[in-house]
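Single-structure report; data block below.
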Amino acid sequence: MADSNATLTLDGGDQQFPVHSGSVGPDVIDIRSLYAKTGAFTYDPGFTSTASCESKLTYIDGDQGVLLHRGYPIDQLAEQSSFMEVAYLLLNKELPDSATLDKFTHTITRHTMLHEQLLQFYRGFRRDAHPMAIMCGVVGALSAFYHDSTDIADPHQRMVASHRLIAKMPTIAANAYKYSVGQPFVYPDNSLSYAGNFLKMTFGVPAEDYEVDPVVESAMDKIFILHADHEQNASTSTVRLAGSSGANPFACIAAGIACLWGPAHGGANEAALNMLREIGTPDRIPEYIARAKDKNDPFRLMGFGHRVYKNFDPRAKVLSKAATDVLDKLGISDPVLDTARELEQIALKDDYFVEKKLYPNVDFYSGVILSAIGFPTSMFTALFALARTVGWVAQWNEMITDPDQKIGRPRQLYTGPTQRDYIPLDRR
Ligand code: CMC
């Protein structure tokens with residue numbers, strides 16, 4: 001099985017460890033026997049050099065700016081495919097033919113409604129609740145409503161749960177928005193596309209007909225494709241870790257949503273647009289660049305930098321172009337786009353950003369498009385969660401069927417007190 005061996009010298013003794021090669025990408029040193037052989041652990045906070053699993057889903061070459069889903073480049077998928085097709089590809093390994101895609105789309109469409117009782121759940125939230133708070137709660141609560149798809153040992157139940165999650169996420173996200181603006185929930189319209197249905201549930205009102213704008217529908221679908229999966233990022237690793245204990249899929253995806261919410265991850269799209277609006281005009285950019293470079297200031301350029309991409313984020317390239325296209329087609333002139341373009345140009349020429357290889361990431365331009373479509377910034381991360389659900393469920397399914405799968409249980413470098421005797425309260 002091993003392609004070669006690596007030798008570790010520790011306390012004068014040599015130990016051999018197998019080295020495995022993937023189909024592409026860095027080799028991995030298989031250190032599963034390290035503790036048994038040496039009594040030592042590895043130390044890698046933030047997993048900067050650790051492959052946590054074997055996967056056939058998504059490949060990233062951060063130096064070349066490459067992102068492949070099942071081998072297909074993200075720019076080709078974004079330009080030529082559809083979100084339903086990418087969802088099928090991620091879940092089922094190959095692109096579907098036309099009849100298979102129709103069947104898959106029909107299956108997803110049949111699961112778009114929420115259990116009516118679940119709608120009551122929304123009413124327990126404050127009207128000003130962040131949509132991500134609602135998403136965490138409602139998605140976790142799905143476990144209490146769909147008992148017939150929580151047996152993770154049954155492949156059929158796993159697939160039903162995956163379809164339900166992909167299908168219901170737009171309804172859940174749209175309802176979170178409707179609740180915040182005090183409008184009635186709009187039921188799914190299964191004659192529409194996945195993106196079109198989501199737009200209608202978000203922006204439609206029962207009192208009026210809602211026409212899906214094809215420009216907006218296509219931009220929405222592209223944004224969903226670009227966020228569908230991204231290898232072992234923080235939220236996906238969270239889903240896998242939660243799932244490794246045997247937790248049901250709805251609970252696992254709720255855990256992923258919680259992790260995605262952070263501003264260093266999916267929350268960056270909201271933070272990036274808020275930052276661009278705060279900057280306001282291009283003349284204030286130098287002030288913010290200076291703050292981002294100041295070690296004593298916690299401020300960072302949101303939508304810039306990436307753990308893996310050290311050249312450019314291919315998703316940002318697609319979105320940068322899409323931002324101009326969408327605003328042009330919608331006839332919107334938003335100074336935020338000018339500020340974003342200027343900020344990108346200035347940062348890319350600045351030594352600090354050049355040396356640290358900090359480039360715009362997916363979150364830098366997505367907010368400009370989402371804002372043009374009419375979403376409030378608080379919905380941005382919820383849209384990311386909606387799209388990433390496809391990747392989460394695909395990764396979760398892959399993990400459950402991996403024969404090497406074990407409960408995820410990292411170890412630690414302990415630096416706290418060694419054993420000491422308890423001192424009663426009256427003697428402290
Ligand atoms: N602005 C200013 N400086 C930065 C930035 C930034 N956006 N990002 C990284 N740096 C600096 C950082 O201060 C550090 O400097 P030094 O080596 O002197 O201490 C160096 O670059 C490396 O940064 P790091 O935090 O060690 O790198 P990381 O791989 O742990 O973090 C990151 C990656 C994405 C969390 C980080 O770049 C960041 O916080 N960016 C802003 C938030 C953001 O846009 N996140 C979205 C990521 S893409 C979508 C997603 O994953 O959800």
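One is the number of the first residue; the rest follow in order along the sequence. Atoms within each ligand, like the ligands themselves, are counted from 1 in listed order.
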Look at the rings of Phe375 and Phe203 and say which category their plane angle falls in: under 30° parallel, 30 to 60° tilted, over 60° perpendicular. tilted
Note the single closest protein heavy atom to atom 7 (N) of ligand 1, along with its residue, its atom name and the distance in Å. Leu301 O, 2.7 Å
Output the list of atoms in ligand 1 that are nearer than 4.0 Å to some heavy atom of Ala292, sorted by atom number. 2 (C)
What is the closest protein heavy atom to atom 48 (S) of ligand 1, and at what distance does it sit? His306 CD2, 3.4 Å
As a check for students: among Ala264, Gly46, Gly303, identify the option with a heavy atom nearest to atom 35 (C) of ligand 1. Ala264
Closer than 3.5 angstrom, by distance alone: can the side chain of Thr50 be matched with the main-chain N or O of Ser52 as a donor-acceptor pair? no
Are any of the N or O atoms of Phe353 closer than 3.5 Å to those of ligand 1? no
Which residue and atom name correspond to the protein heavy atom nearest atom 42 (C) of ligand 1, and how close is it? Met302 CE, 3.5 Å
Does any N/O atom on Asn361 come nearer than 3.5 Å to any N/O atom on ligand 1? yes
Proximity of Pro263 to ligand 1 by residue part, where a heavy atom lies under 4.0 Å: backbone
Does ligand 1 have an atom under 4.0 Å from some heavy atom of Leu358? yes
Closest contact, heavy atoms only, Leu90 versus Leu57: O-CD2, 3.2 Å
Look at Arg158 together with Asp151 and state whether they make a salt bridge at an N to O cut-off of under 4.0 Å. no
Salt-bridged, Arg32 to Asp404, with N to O below 4.0 Å? yes
Top protein contact for atom 34 (C) of ligand 1, by heavy-atom distance: Gly305 O, 3.7 Å
How are the rings of Phe83 and Tyr194 set to each other: parallel, tilted or perpendicular (split at 30° and 60°)? tilted
I'd like to know whether ligand 1 has Phe364 as a neighbour, heavy-atom separation below 4.0 Å. no
Do any non-hydrogen protein atoms sit less than 4.0 Å from atom 29 (O) of ligand 1? yes
Under the 6.0 Å and 45° cation-pi test, does Lys356 pair with Tyr352? yes
Does the Lys NZ or Arg CZ of Lys37 fall within the cation-pi geometry relative to Phe17 - under 6.0 Å from the ring centre and within 45° of the axis? yes
Examine ligand 1 and decide if any of its atoms is less than 4.0 Å from a heavy atom belonging to His230. no
Going by the atom numbers of ligand 1, which of them fall below 4.0 Å from some non-hydrogen atom of Gly266? 52 (O)
Pick from Arg300, Arg291, Lys356: the one approaching atom 23 (O) of ligand 1 most closely through a non-hydrogen atom: Arg300
Closer than 4.0 angstrom, basic N to acidic O: yes or no for Asp325 and Lys321? yes
Write out the residue and atom name of the closest protein heavy atom to atom 51 (O) of ligand 1, then the distance separating them to 0.1 Å. His265 ND1, 3.1 Å
Does Arg411 count as lying over the ring of Phe41, i.e. NZ or CZ under 6.0 Å from the six-ring centre, within 45 degrees of the axis? no
Which of the atoms in ligand 1, numbered in the order shown and given with their element, are less than 4.0 Å from a heavy-atom of Ala268? 43 (C), 44 (O), 45 (N), 46 (C)
Shortest heavy-atom approach to atom 3 (N) of ligand 1 - which of Tyr309, Phe299, Phe384, Tyr352: Tyr352
What is the nearest protein non-hydrogen atom to atom 41 (C) of ligand 1, stated with its residue, atom name and distance? Phe304 O, 3.4 Å
Six-ring centre of Tyr179, Arg127 cation under 6.0 angstrom, axis tolerance 45°: yes
Looking at atom 33 (C) of ligand 1, what's its closest protein heavy atom, distance included? Arg307 N, 3.7 Å
Mark whether atom 25 (O) of ligand 1 lies under 4.0 angstrom from at least one protein heavy atom. yes
State whether the side chain of Gln183 and the backbone N or O of Lys178 hold a donor-acceptor pair below 3.5 Å, judged by distance alone. no
Does the ring center of Phe384 lie less than 6.0 Å from the ring center of His230? no
Of all the atoms in ligand 1, which lie at a distance below 4.0 Å from a heavy atom belonging to Lys295? 13 (O), 15 (O), 16 (P), 18 (O), 19 (O)
Pair Phe185 and Tyr122, ring centroids less than 6.0 Å apart: yes
Any idea which atoms of ligand 1 are less than 4.0 Å away from a heavy-atom of Val362? 49 (C)
Tell me: protein heavy atom nearest atom 46 (C) of ligand 1, and distance? Asp363 OD2, 3.3 Å
